[in-house]
Amino acid sequence: MSLEQLYQQVILDHARQRHGNTVPISGLPEVPRPPYFGHSHQVNPTCGDEITVEVERREEDGRIVLRWDGQGCSISMASASVLSELAQEAKPDEVAPVMAGFQALMHSRGQGAPDEELLGDAAAFHGVSRYPARIKCALLAWKAFEDALRQASADYPDENGDRSTGAGRNEED
Amino acid sequence: MSLEQLYQQVILDHARQRHGNTVPISGLPEVPRPPYFGHSHQVNPTCGDEITVEVERREEDGRIVLRWDGQGCSISMASASVLSELAQEAKPDEVAPVMAGFQALMHSRGQGAPDEELLGDAAAFHGVSRYPARIKCALLAWKAFEDALRQASADYPDENGDRSTGAGRNEED
Amino acid sequence: MFDAAEVERIRNDFPLLGHYQEQEAGGRRLAYLDSGATSQKPLSVLEAEQEFYERRNAAVHRGAHQLAVEATEAFEDARAAVAGFVGAGEREIVWAKNATEALNLVAYGFVNASAGLGGPEAERFRIGPGANLVITEMEHHANLVPWQQVAAHTGAELRVIPVTDAGRLDLERAEALVDSATAVLAFTHASNVLGTVNPARRLVDLARAHDAVTVLDACQSVPHFGVDLPALGVDFAAFSGHKMLGPTGIGVLYGRAELLDALPPFLTGGSMITTVDYQQASFMPAPQRFEAGTQPVAQAVGLAAAARYLAETGMDRIAAWEEHLAGRMLAGLQEIPGVRVIGPEEIGQPGDRLATVAFDVEGVHAHDVGQFLDERGIAVRVGHHCAQPLHRRFGVTATTRASAYLHTTEEEIDVLLGTVAEVRGFFLR
Amino acid sequence: MFDAAEVERIRNDFPLLGHYQEQEAGGRRLAYLDSGATSQKPLSVLEAEQEFYERRNAAVHRGAHQLAVEATEAFEDARAAVAGFVGAGEREIVWAKNATEALNLVAYGFVNASAGLGGPEAERFRIGPGANLVITEMEHHANLVPWQQVAAHTGAELRVIPVTDAGRLDLERAEALVDSATAVLAFTHASNVLGTVNPARRLVDLARAHDAVTVLDACQSVPHFGVDLPALGVDFAAFSGHKMLGPTGIGVLYGRAELLDALPPFLTGGSMITTVDYQQASFMPAPQRFEAGTQPVAQAVGLAAAARYLAETGMDRIAAWEEHLAGRMLAGLQEIPGVRVIGPEEIGQPGDRLATVAFDVEGVHAHDVGQFLDERGIAVRVGHHCAQPLHRRFGVTATTRASAYLHTTEEEIDVLLGTVAEVRGFFLR
Ligand SMILES: Cc1ncc(COP(=O)(O)O)c(C=O)c1O
Ligand SMILES: Cc1ncc(COP(=O)(O)O)c(C=O)c1O
Ligand code: FES
Ligand code: FES
């Protein structure tokens, strides 16, 4: 596989123009936290890169509001940006299959054909699955998102959200 | 080399009929210690065998009185017995060349021809020098003896004894 | 069980055995009866290491380059293979330099936890003067001295389960010694001196009833019969590569995932931290948290090849063959006047005795026995076999120990027996 | 220094380099510029290990049989060879699994002594809240985290000598930080990131003036230039086999005989005690007191072969060649727009800079740089290289690091430079 297939233009573009990348409120004591809120800080131990993802469930309709910040390689930054685009204002049970699909794609060892309809821009990451050392990069934001969403959904009064995201206790850290 | 050359009859005989092997007084609190006295306990760490050698310098003439006890292989026991025979009632400066000669023989890697006149029965150990793992056995008693003699000689009023045995401080333990 | 032809086939896989056979004038073989100390290596193990160095050698878990990826894969595949060999999960296998380090790792976990390190999750490893640590009288120094050190650091009491004259654990006394203040029950699965195989499940149940952590010294079991560590229920277990056909320089710690993640780190340095500044560090989950610095990578690959070789040969068949040899050795030794076996004199039930037999020859020191056997091409171990207190308990300072493995022949056992029978005649001449 | 023909001859000794050359379609070579992480092995090292396993493998320091005697001889000869390579006495060399363990051994010596273990001779390793431990800002985690652990155990303070923007130690600050309460000055001989070679003698003098124990991380120096440890005057030093053409699974601790005998034991178990009962043990003198359990015997033999290979090639010539390559790399990188070298940008005096060069490419993350180079057959390391705080100090989280060794060619450096020059064009397209 060529480098161009790994680093598709859409990845490089997202890495530069990052969707949803903004200062997280969890670090700002003066900002009050929304009622259905979760945040997760993840470190990629291989490289030391890190990301923080914050998720709110909008009170009125339960839809996702996502914020993130971090530093890392183009793949991790682009992946966070794409995730943000896909999840922003979505319902948790709309996002669940995307998350599962992206996970599966990353573990396909270059064999899987991405479902472009489901994954949108995230399909561009299919080349990453051939590079074991980079899979963690692509999944970093998603892992943080999953964790934050679980927290945000813990007390949100709809079973759907709970079921589809495997919500547990609200464990803020 | 054959086993018979390593285990000469004189070695096996000494191993059974041990010269100078008796209970050391250093373990008996009720027995008073002679004025010029040293004792040394040595362990062969490879096997855990041990020996205690006690040396007195006789007040009247400075000659050596030796006692030892221990347990170990035939080579270590025979070597202690031979040493005892050679050193008993000898003057330190008579024993010094024997000690040096025996040391040298043990480190000769089977090359040295033993000086039988100097070494007496100790010459029978020449085969041991071919077996690196057994050299420590043969030297165990000699090492303890050297240490004990040094202690016994520390305060004995003749420079000869001091010089020839490399005496240092009387470090009883 | 094997037949003679199969043992010959197996012998051909071991270059050292073949080499010795060639060398010796008159075709005399080396009877290597010292596998209990360290085993010989089949060619497949040497080749696996060599292949790694020649094609895939690079730093693992670090580099982004292709070679590093391949090295990492080889390394983690090795972990999976060794984990599978003892029924464990991959995350439950930590590489060490030898079994001794693996046991020290657990012991220092207690020391560090008790000094306040390791955060709240290390709570169950914190002990003090009221606690006790229970070991057995038949422990190798590797499973004795580290616990003495823990006792010295924490003020805990060290208790010892006695061994009967027949060479078995006194289980009644065990039940009295393990109590609610017991923090650790550390015991060997099989004794490297007596050859006794201990009833691990029963001891684990005893420990669990009192909430004690179990630490199994599996050095002499994993190489010789099939062991499923999770099925035994032990919390930690240690074994060595070099005793199971693998390379020197590698050992294994098994730990139940839940405990391993809670144990404070031991060696610290690179590749085991998540973030660090100049004043503090946070640590990765197990197994990485215990694998500081460059690991014995080629050795892990070699050990995996050894585990594969053993599994393919079949642990049950190996165990059956060795039991057969053990029976022959025990029966033969007991017929020789002046020879006393230290340890169980016969196989009680299948699987309760290794083909590792220590014995005393009346009137002849073990080192002299060993020298005599060596002269006849028989390699055995002599001394206290790193179990000094156990020898003291049996009233000896040293024994001669013959230990068989899958490549040992009946003929070798017979040569041993015949030669031992000559020993007293030579030395007491 | 070498000429191109000699480097080609050297390359032929390394099977992995040759293997790659064969494999690659179109004869493209692997430019292995990651020797700083781990080195490739010459055939003589692989053969030495193999020969040991096939002819002399047995338990060392234990058996009375002939094979054990030969194994012991091979093992102790290896110690003598490695001791000779760094100018040390044999008794001053302790085997470890890697440099990380060697550094931990010293650190735990302080921990154990401070907990009251080790008897009166361990007095000088006992420290408490008033004491301080001084390290530098450029330490690898292996020479940082263990000292944090000592600080946590003892209450001692950890102090850090800063690095200048030019990537050298701030020696004035060092003089202010080391004082009469300094128990340890631990510093790297050469930085695995910056490539800086530190003035070891000067730092030793500073420590000595305050009676502090010096601990040298010699991981990046011993492989690359001639090092005489006693001449440097350090008390302890650590280095790894795998970075100096030797096997994985072996490292070395050097300790001045007097200190090594006084340091409390670290790992405990077999082969390091003189006598032991169930309640206490007494320990052998160094080096055995630190070598518990079965040692990496075959690896020691392999490491000795590596030391021999290096000595025969000539450490001075190797150093000169690498300095030549370093100059070429530094000059070339600085000509590439957007590339910043982290560490000394040029060689100041001979011997003050390794051919290990870390750099940042503006706007492109190091892992992406590494991926790009890998695609072109250039293996470099990317990340924080186990020196996270040092990277933070230079305002980056990761760098790309190219490190050369004796088999590196000018051509490989040029390919590196040409490829780095393309990176920004690709990613910022
Ligand atoms: C400067 C330095 N110190 C310590 C180490 C640790 O060495 P090892 O991983 O062999 O223990 C390394 C290598 O990673 C190093 O470069
Ligand atoms: C029962 C037992 N435990 C522990 C050990 C120590 O193993 P190693 O020397 O490989 O650390 C041995 C081997 O010597 C052993 O037989
Ligand atoms: S390299 Fe760090 S996240 Fe990709
Ligand atoms: S074997 Fe112990 S002294 Fe000879």
Side-chain angles (χ1 to χ4, degrees), chain C residues 15-16 19 34 37-38 40-41 46 50 53-55 57-59 62-67 97-98 100-101 104 115 117 140-142 145-146 148-149 152-153 160 242 247-249 267-270 273 276-278 280-281 292-294 296-299 367 370-371 374 379 381-382 386 388-389, chain D residues 15-16 19 34 37-38 40-41 46 50 53-55 57-59 62-67 97-98 100-101 104 115 117 140-142 145-146 148-149 152-153 160 242 247-249 267-270 273 276-278 280-281 292-294 296-299 367 370-371 374 379 381-382 386 388-389:
Chain C
L16 185 135
H19 170 69
D34 199 15
T38 202
Q40 298 305 335
K41 324 299 175 202
L46 306 185
Q50 178 120 358
Y53 282 129
E54 297 195 346
R55 317 225 152 174
N57 178 58
R62 295 183 171 183
H65 58 81
Q66 186 52 28
L67 204 57
K97 68 196 281 193
N98 53 23
T100 302
E101 187 204 337
N104 274 268
L117 278 64
H140 186 280
H141 296 165
V145 191
Q148 291 182 348
Q149 300 284 102
H153 269 277
V160 185
H242 70 95
T248 57
L267 299 176
T268 57
I273 53 103
V276 58
D277 61 24
Y278 289 113
Q280 60 199 16
T294 304
V297 182
Q299 291 74 32
H367 271 253
Q371 194 85 52
D374 183 46
R381 174 102 184 262
V382 297
C386 297
Q388 225 178 43
Chain D
L16 185 135
H19 170 70
D34 198 16
T38 202
Q40 299 305 335
K41 324 300 175 201
L46 306 185
Q50 177 120 1
Y53 282 130
E54 296 195 347
R55 316 224 152 177
N57 178 58
R62 295 182 170 183
H65 57 81
Q66 187 51 25
L67 204 57
K97 69 196 279 190
N98 53 24
T100 302
E101 187 204 337
N104 275 269
L117 278 65
H140 187 281
H141 297 165
V145 191
Q148 290 182 347
Q149 299 284 104
H153 269 278
V160 185
H242 69 96
T248 57
L267 300 176
T268 58
I273 53 102
V276 58
D277 61 25
Y278 289 113
Q280 59 199 15
T294 304
V297 182
Q299 291 73 32
H367 272 252
Q371 195 84 52
D374 182 47
R381 174 102 184 261
V382 295
C386 297
Q388 225 179 41

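The structure presented is a predicted model; accordingly, all values stated were derived computationally and were not measured. Quick note on labels: first sequence line is chain A, next is B, and so on, each numbered from 1.
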Has the side chain of [X] got a donor or acceptor atom that lies under 3.5 Å from a matching backbone atom of [Y]?
| X | Y | value |
| --- | --- | --- |
| Gln50(C) | Leu46(D) | no |
| Glu101(D) | Lys97(D) | yes |
| Asn104(D) | Thr100(D) | yes |

Which atoms of Gln148(C) are under 4.5 Å from chain D, going by heavy atoms: the side chain, the backbone, both sets, or neither?
side chain
Measure distances from Val276(C) to the heavy atoms of chain D and classify the residue's part below 4.5 Å as side chain, backbone, both or neither.
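Interface part for Val276(C): both.
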Test His242(C) against every option in Thr248(C), Asn98(C), Thr38(C) by the side chain to side chain donor-acceptor pair (under 3.5 Å) rule and name the one that passes.
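The residue from Thr248(C), Asn98(C), Thr38(C) that satisfies side chain to side chain donor-acceptor pair (under 3.5 Å) with His242(C) turns out to be Thr38(C).
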When only pairs under 4.5 Å are counted, which of Leu267(C), Val145(C), Thr268(C), Leu67(C) shares the most heavy-atom pairs with chain D?
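Top count of heavy-atom pairs under 4.5 Å with chain D: Thr268(C).
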Which one of Gly249(C), Pro389(C), Pro296(C), Gly269(C) has the most heavy-atom pairs closer than 4.5 Å to chain D?
Pro389(C)
Which bit of Gln299(D) is near chain C, if near means a heavy-atom gap under 4.5 Å: side chain, backbone, both or neither?
both
Set of side chain to side chain donor-acceptor pair (under 3.5 Å) partners for Gln149(C), sequence neighbours left out:
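Listed in chain order: nothing, the list is empty.
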